[in-house]
Protein chains: 2
Amino acid sequence: MGVKGEETRARLIAGTRTLIEAQGYFGTGLNQIVAEAGAPRGSLYFHFPEGKDQLVAAALTQAGQEVGDLLASLAAEGADSGALTERLTEVFAERLARSDYTKGCPIATVALEVAGTNEPLRAVCAEVYESWQRVLAGRLETEGFRPAEAATAAGQALALMEGAVLLASVRRSREPLDHAQHAVRHLLGTQPAAARTA
Amino acid sequence: MGVKGEETRARLIAGTRTLIEAQGYFGTGLNQIVAEAGAPRGSLYFHFPEGKDQLVAAALTQAGQEVGDLLASLAAEGADSGALTERLTEVFAERLARSDYTKGCPIATVALEVAGTNEPLRAVCAEVYESWQRVLAGRLETEGFRPAEAATAAGQALALMEGAVLLASVRRSREPLDHAQHAVRHLLGTQPAAARTA
DNA sequence: CTGAATCTGTAGACCGGTCTGTATATTTTT
DNA sequence: AAAAATATACAGACCGGTCTACAGATTCAG
């Protein structure tokens, strides 16, 4: 596969990400995607022969991996669970603010749309969320949580943050995210960064 | 307006609720709605002259009010905040299980789809969530929370439950909802003292 | 009491446009 | 020249929305 082919493929995924994050799966058409990516229709079906679902799956996977890699690298640098969740909350808050509250979690909208009707895409969304949860749970284990409790606590923290993104999108305000961050700290039993350094 | 007219209108709203809760806003077409409701297209535009958005707004409002009325009646009977959230969690869990995990929160999917692109519907979703939050916050005030802290805690609890519905839908399991319920109890039970001293 | 006018609501054909996906021709790269 | 990739025309289905026709009840003049 040549350089140009890779670039077109990358632009298609990037365009798909941009659009589905703001409009969801059904709200985004292939015409819109190829226009956004500056690629012709034929190229789309050359690079993604299975069509829209394959393209959306690639976009979700890439977006999920970016966030997962960020969390994993923070954890590798020794960030504690409170710092991990704070950073994730901040990522979502920043995305919302910079997009005028059109893009929150890159997975959530599609996840809810397809969970009941599109099993392959549901599985992709589930894997992304589980990968995020695994990183957080792993960190919690090094802080003394037993494996089962770490998984539960990580799931609760993730639910809190995802729900806060939903409320923040609907209210057009980052306040729910900031309140969620405090609640997550409380649930996980860690002190805020300000208190730690004091 | 005759009896039959009211019935057709009610069937249209009921059909719309059924479909958008499982498939979202963009995933549900008017052909599907009129088929589900057993009503002709002309009746749809007679009862809802502004079209799809007016119909969806009516469906969201009705679904939101049903849940809100349930919470309000429980609160009037003296249920405490833990019982309110437990019941709301149970409503969502039951809906998911009975629909084979296709219907969770009746608002969430549409809320995320339209938050960035359809201001009137976004406002409807926001009002539903705020009405739920108000009931819970009101109960928290009678339990000793100051108004500001009650609103914050109610928002955190709502975020936790909504996020748990998302994760439960994607995982096809009620486990996230059960874990969320424990976390909500923890948040609401321990925060008053800290909030008062803050 | 009748029968035409009116109102409510039903019924579905039809509009332009967009949807996902296919087929085929052409250009670029190797 | 072969392979990789681009480019576009096209197909059939469906989209939301508009339009006209008409069925059944109600009203009201005579």
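Owing to the predicted nature of the structure, the values given are computational and were not obtained by experimental measurement.
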### Task
Respond yes when some side-chain nitrogen or oxygen of A:N31 is under 4.0 Å from OP1 or OP2 of C:dT20, and no when none is.
no

### Query
Nearest to the side chain of A:Y45 - C:dT22, D:dG17, D:dA5?
C:dT22

### Query
In terms of side-chain heavy atoms, does B:S81 have a donor or acceptor partner in B:E143 at a distance below 3.5 Å?
yes

### Message
Taking the minimum atom-to-atom distance to the side chain of B:P40, which one of D:dG16, C:dG21, C:dA11 wins?
### Response
C:dA11

#### Entry: Minimum side-chain heavy-atom gap A:P120-A:D53 below 4.5 Å
no

### Summary
Here the distance between atom P of D:dG16 and atom CG of B:L44, to the nearest Å, is 10 Å

### Task
Report the distance from atom CD1 of A:I33 to atom C1' of C:dC19, rounded to the nearest whole Å.
12 Å

### Query
Please give, in whole Å, the distance from D:dA11 C1' to A:L30 CG?
15 Å

### Query
Phosphate oxygens OP1/OP2 of C:dT8: is one of them under 4.0 Å from a side-chain N or O of B:H47?
no

Please list, for nucleotides 23-25 of chain D, all pairs of protein and nucleotide N/O atoms separated by less than 3.5 Å.
none

### Summary
When rounded to whole Å, the CZ to C1' distance for the pair B:F48 and C:dT10 reads 15 Å

### Query
When we call it a touch if two heavy atoms are under 4.0 Å apart, what does A:G51 touch: a base, just sugar-phosphate, or nothing?
sugar-phosphate

### Message
With a 4.5 Å cut-off on side-chain heavy atoms, are A:R9 and A:I13 touching?
### Response
yes

### Task
Under 4.0 Å between any heavy atoms, over every strand shown, what does B:G29 touch: base, sugar-phosphate, or nothing? Just pick one.
sugar-phosphate

### Query
Can you find a pair of side-chain heavy atoms, one from B:E149 and one from B:E141, that are under 4.5 Å apart?
no

### Query
Could you walk me through whether B:Y129 and B:E162 pass the side chain to side chain donor-acceptor pair (under 3.5 Å) check?
CA-CA 10 Å; B:Y129 282 131; B:E162 288 292 327; 3.2 Å; yes

### Message
Within this structure, what is the CD1-CZ distance for the pair A:I33 and A:R17, rounded to the nearest 0.5 Å?
### Response
13.0 Å

### Task
Would you mind telling me which residue lines up with the more 5' stretch of DNA chain C, A:G42 or B:G42, judged by nearest nucleotide?
B:G42

### Message
Let's see if you can work this out: which of C:dG9, C:dT20, D:dA4 has an atom nearest to the side-chain heavy atoms of A:F46?
### Response
D:dA4

### Query
What's the closest nucleotide to the B:K52 side chain, out of D:dG16, C:dG12, D:dT6?
D:dG16

### Query
Between atom CD in B:Q23 and atom P in D:dC14, what is the gap in whole Å?
14 Å

## Note on the structure
Note: for B:F26 and A:R41 on DNA chain D, the residue whose nearest nucleotide lies more 5' is A:R41

### Query
How far apart are the C-alpha atoms of A:Q23 and A:Q32, what are their side-chain angles, what is the distance that settles it, and do they pass the side chain to side chain donor-acceptor pair (under 3.5 Å) test?
CA-CA 11 Å; A:Q23 306 175 338; A:Q32 228 181 332; 3.2 Å; yes

